[in-house]
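Here is the structure we will look at.
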Amino acid sequence: MASSNGKPAQEEGKPAAEGSIGGYESLHRLLEANLSPDLFQEASRLLLGLNCARPLEAISLPEATTTLAETHNFDVQAFRFSADKEFLRQPRLVRVGLIQNSIVVPTTCHFADQKKAIMDKIKSIINAAGGSGVNILCLQEAWTMPFAFCTREKKWCEFAEPVDGESTQFLQELAQKYNMVIVSPILERDVNHGETIWNTAVVIGNNGNIIGIHRKNHIPRVGDFNESTYYMEGNTGHPVFETAYGKIGVNICYGRHHPLNWLAFGLNGAEIVFNPSATVGELSEPMWPIEARNAAIANSYFVGSINRVGTEVFPNPFTSGDGKPQHADFGHFYGSSHFSAPDASCTPSLSRYRDGLIISDMDLNLCRQIKDKWAFRMTARYEMYASLLSEYLKPDFKPQVIVDPLINKRA
Ligand SMILES: NC(=O)NCCC(=O)O
């Protein structure tokens, strides 16, 4: 762990935390501690971009929030995305929060104890978000449980809950208490349709009501992500939820690799799209800072990216048909939750190994301002792609390839 004087743990004779970057919590903190202020500012400009021609502003939070963060050992960071002042519209300011967390007790414990321990921990972080005036909060994918889908064991289905089940009721109370919209990604059990299991985000309104749900559209079939053993591709399309604070969508984890999935939320008018995730370093870390940021740029909306943290070890070793020897964990979930904005700026990331709460103020006017500036939507030529896609879906589709008639001339 990096100490408050910015030195990595090893220099102080302490072991570096598992998942740290040479003892630092994040790349940003590593750079901050090791570059001169001028160089750090320049590196930040290149890595994070500028918002309204200025470096992204950090904002201060109530003392109670920082005290909660210290007491419960979670990282907390807060920033502001501004927009230009307009003559005819007032700013549309919203405070948004993302929570990343590790599981609390071993996966061998009683399921009820595992769930309760996570809920207890999450409550402290939600209290910090609520006490900081967060308007919309999103939790990580399948937040009530370990990400046990690597195992293919069906006993983990017991964690699935109906949309209006225990975790929703728990969050409804907090949503009402803090006048806050909460997006709650859970393993859903659809009791009205033969106990079907889905990977679902429940959107709870600031009055504690359930506004609606979205079910994960794209299910991974990569590495240890054996999720297709548990649930099918979602059947809810690309809903955008008009909340008291703005129009939001939820693109669950692996959906972030699908540009059309991002696009569809944009076409339905999303101003903020959340990407609650569970992914590990070896598989996806180089993609993590790119895909969400690109989606924010391409679709002129804000993106909140959330990844769980820590290493979750399961009772029985498993293999995943990829030739690796049997193992009992997924690898390290690298946290690194952050926000991306339509103007290509983004926040630094939360810790790579600790729980965290990242908060960002955003003026939603930026979405339209960037549409006016770059005109990506206006120039998109959707009709061209609609006709290609409808041709592609036909069994007799032939790819449009023009072969060089001289291709074999030199052979
Ligand atoms: N949870 C999930 O869909 N993970 C897949 C791996 C990835 O997309 O990085």
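Every number for a ligand or one of its atoms is a count from 1 in the order of the listing.
For Phe265 and His214, the ring centers sit closer than 6.0 Å to each other. Less than 6.0 angstrom separates the ring centroid of Phe330 from the ring centroid of Phe225.
Here Glu383 pairs with Arg381 under the salt bridge (charged side-chain N to carboxylate O under 4.0 Å, His left out) rule; sequence neighbours left out. Every residue meeting the side chain to side chain donor-acceptor pair (under 3.5 Å) condition with His327, not counting sequence neighbours, appears here in chain and number order: Asp224. Applying the ring pair (Phe, Tyr, Trp, His ring centres under 6.0 Å) test to Tyr382 and every residue at least two apart in sequence or in another chain returns nothing.
At a 4.0 Å heavy-atom cut-off, the residues surrounding ligand 1 are Glu141, Phe147, Lys216, Pro220, Phe225, Glu227, Cys253, Tyr254, Arg256, His257, Ala278, Thr279, Leu283, Ser284, listed by chain and number.
Using a 30° and 60° split on the angle between ring planes, Tyr334 and Trp288 fall in the perpendicular class, above 60°.
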